[in-house]
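Notes follow the structure.
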Amino acid sequence: MLNLEELDILYTQEEIAQTVARLGAKITRDYEGKELLVIGILKGAFVFMADLIRVINLPLSVDFMEVSSYGDSTISSGEVRIMKDLQHSIEGKHVLVVEDIVDTGVTLHYITEILKKRGPKSVKICCLLDKPSRRNSPIVSDYVGYEIPDYFVVGYGLDYAEKHRNYPAICVLKPSVYER
Ligand code: IMP
Ligand code: MG
């Protein structure tokens, strides 16, 4: 059983679906006639990406990268490691990196710098959630679902210590959970 006393709903499933549809419509317009490669950053982005690609009305391919920076803490270690690299070359492709949340920006800064060296035609970022107040790396997302304050959120793919990814809404995890 989910312990709902630890969670406050921030965005419901219905609200998220509307936001994802808005992002998909914009991406569809922007990439019309281009060869689009959508790259998901595992694990957090997998739920968002699954919904997003189904509202992008264009031919596209997908690939995944897994990086680790957090361990089981709610504070970034500042160190990024590639745990799983892409399967295919991105040379000559229009790359859209899909991420669950941009916090300090360290993870996406690291990833986009690596990708830009591999000869893509373009690299853009789509994140569902953005915490601009926490930024210390120069990362600006091209597509943003929601800007949020400095909350620690879980659900819809986002985890705390690998839990809560399956919850369909986006919830704020009460600090009492990770401060105890
Ligand atoms: P950054 O490198 O500080 O931008 O951190 C980005 C990564 O940290 C995201 O891909 C998430 O996996 C994780 N993260 C940051 N904030 C949260 C949060 O509020 N909930 C869950 N994961 C988070
Ligand atoms: Mg994570």
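Order of appearance sets the numbers: ligands from 1, and atoms from 1 within every ligand.
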Option whose closest heavy atom lies nearest to atom 14 (N) of ligand 1, chosen from Val154, Asp103, Ile101, Asp150: Ile101

Within ligand 1, which atoms have a heavy atom of Leu158 less than 4.0 Å away? 20 (N), 21 (C), 22 (N)

Is ligand 1 less than 4.0 angstrom away from at least one heavy atom of Lys131? yes

So is there a nitrogen or oxygen of Gly105 less than 3.5 Å from a nitrogen or oxygen in ligand 1? yes

At a non-hydrogen distance cut-off of under 4.0 Å, which region of Thr104 contacts ligand 1 (side chain, backbone, both, or neither)? both

Heavy-atom nearest pair, Met65 first then Leu115, reads SD-CD2, 4.3 Å

For Thr107, the ligand 1 atoms whose distance to one of its heavy atoms is below 4.0 Å: 1 (P), 2 (O), 5 (O), 6 (C)

Close N or O approach (Val153, ligand 1; < 3.5 Å): yes

Surrounding CD of Glu35 (heavy atoms of other residues, nucleotides or ligands, distance under 6.0 Å), is the total greater than 12? no

Does this structure show an ion pair linking Lys93 with Asp63, if we count only N-O contacts that are shorter than 4.0 Å? no

Run the ring-ring contact (aromatic ring centres under 6.0 Å, His included) test against Tyr31 and tell me which residues pass, sequence neighbours left out. none

Report the part of Glu99 in contact with ligand 1, treating N, CA, C, O as backbone and CB onward as side chain, heavy atoms under 4.0 Å; options are side chain, backbone, both, neither. side chain

List ligand 1 atoms under 4.0 Å from Val106, heavy atoms only on the residue side. 2 (O), 4 (O)

Side chains of residues 46-61: which donor-acceptor pairs under 3.5 Å do they make with residues two or more places apart or in other chains?
| residue | atom | partner | partner atom | Å |
| --- | --- | --- | --- | --- |
| Asp51 | OD1 | Arg54 | NH2 | 2.9 |
| Asp51 | OD2 | Tyr156 | OH | 2.6 |
| Arg54 | NE | Ala50 | O | 2.8 |
| Arg54 | NH2 | Ala50 | O | 3.4 |

Glu162/Arg165 salt bridge by N-O under 4.0 Å criterion: yes

Apply side-chain contact (heavy atoms from CB on, under 4.5 Å) to the pair Ile148 and Val172, showing each step before the final yes or no. CA-CA 11 Å; Ile148 62 167; Val172 178; over 6 Å; no

Specify the closest pair of heavy atoms between Asp130 and Val102, including all atoms of both residues, with the distance to one decimal. OD1-O, 3.5 Å

Using heavy atoms and a 4.0 Å limit, tell me yes or no: is Tyr151 in contact with ligand 1? yes

Region of Asp100 engaging ligand 1 - heavy atom pairs below 4.0 Å: side chain

